[in-house]
Amino acid sequence: MPAQWSSPVRYVECDQQGVVFNAHYLTWADEASNAWWTSHGLPWDELVASGVDPVVKASSLEWSSSARFGDTVTVDAETEKVGFTSVTVRFTVRVGERLCCVVRTTYVCITEAGKAPWPDEVRARLTAG
């Protein structure tokens, strides 16, 4: 299930040339992750309240072009791979039709006992659709 998040590029997110500083692409992916979890019927607060805490294991970024001050970025979030204890989400950051960056983030399932398999209900929602 794809999800989407969008925001204008703020001045504070840019260097003096008006180009977005690289760390903000991770922030935008993190913002879009909330929409992605919710699109699976797993709002973050409810997921954590149930005892499941998805934690970032790894993120990678691949740039194609820069977002700049005054642009509006759109981040499309799609499931790339669901594993036994992890899920990888692909976040495509663009300005209009122009691709800026692809972020891949892998989340692992953490419970009070530590790293664990996704509970059956969560796994079913992650693999649905």
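Taking hydrophobic clusters as Ile, Leu, Val, Met, Phe, Trp and Tyr residues chained together by side-chain heavy-atom distances below 4.5 Å, W44 shares a cluster with F91. Transitive grouping of hydrophobic side chains (ILVMFWY, heavy atoms separated by less than 4.5 Å) keeps F69 and V73 in distinct clusters.
Residues S59 and V56 come closest through the heavy atom pair OG-CG1, 3.9 Å. Closest of all the heavy-atom pairs between R68 and V9 is O-CB, 3.4 Å. Minimum interatomic distance between C109 and V52 (heavy atoms only, all atoms of both residues): SG-CG1, 3.8 Å. Contact detail for L99 and V102: the closest heavy-atom pair is CD1-CG2, 4.0 Å. The two residues A32 and A77 come nearest to each other via the heavy atoms O-CB, 4.3 Å. Between V82 and R123, the shortest heavy-atom contact is CG1-NH1, 3.1 Å.
Once rounded to the nearest 0.5 Å, the distance linking CD of E78 with CH2 of W36 reads 11.0 Å. Here OG1 of T27 is found 10.0 Å from CG of N22. Values are rounded to the nearest 0.5 Å. Atom-to-atom distance recorded for S66:OG and Q17:CD is 10.5 Å, nearest 0.5 angstrom. Within the model, atoms OG1 of T92 and CZ of R104 stand 8.0 Å from one another, a figure rounded to the nearest 0.5 Å. Here the OG1 atom belonging to T127 is positioned 14.5 Å from the NZ atom belonging to K81, to the nearest 0.5 angstrom. The line from CD of E97 to OG1 of T74 is 9.0 Å long, rounded to the nearest 0.5 Å.
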Exercise for review: Please assess T72 against V95 for the test side chain to side chain contact (heavy atoms under 4.5 Å, CB included), listing each intermediate value before the final yes or no.
Suggested key: CA-CA 6 Å; T72 296; V95 172; over 6 Å; no
Check your understanding: Taking it one step at a time, do Y107 and V89 satisfy side chain to side chain contact (heavy atoms under 4.5 Å, CB included)?
Key -> CA-CA 8 Å; Y107 301 89; V89 182; 3.9 Å; yes
Check your understanding: Where do R94 and D71 land on the salt bridge (Lys or Arg N to Asp or Glu O under 4.0 Å) test, with the steps shown first?
Key -> CA-CA 10 Å; R94 57 187 169 77; D71 288 341; over 6 Å; no
Review point. Side chain to side chain contact (heavy atoms under 4.5 Å, CB included) between D53 and T111: does it pass, once the steps are laid out?
Key: CA-CA 6 Å; D53 192 4; T111 66; over 6 Å; no
Point to revise | Full working for side chain to side chain contact (heavy atoms under 4.5 Å, CB included) between W5 and V93 | key: CA-CA 10 Å; W5 176 87; V93 182; over 6 Å; no
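Between W37 and W118, the ring planes are tilted. Angles from 30° to 60° get that label. By the 30° and 60° cut-offs, the orientation of the rings of W28 relative to Y25 is perpendicular.
Side-chain atoms of T106 and S86 include no donor-acceptor pair closer than 3.5 Å.
Side-chain contact check for C14 versus V19: every heavy-atom pair is 4.5 Å or farther apart. Residues L126 and L42 meet the side-chain proximity criterion, which asks for heavy atoms closer than 4.5 Å. The shortest side-chain heavy-atom distance between V87 and T79 falls under the 4.5 Å cut-off. By the 4.5 Å heavy-atom criterion applied to side chains, L47 and P54 are counted as neighbours.
The pair R90-D76 does not meet the salt-bridge criterion, since no charged nitrogen lies less than 4.0 angstrom from a carboxylate oxygen.
Residue pairs that meet the salt bridge (charged side-chain N to carboxylate O under 4.0 Å, His left out) test with at least one member in residues 2-31, sequence neighbours left out, are R10-E13.
The local environment of CG in D120 is sparse, with at most 12 non-hydrogen atoms from other residues, nucleotides or ligands closer than 6.0 Å. By the neighbour-count criterion of 12 heavy atoms within 6.0 Å, atom CD of Q4 is densely surrounded, having more than that number from other residues, nucleotides or ligands.
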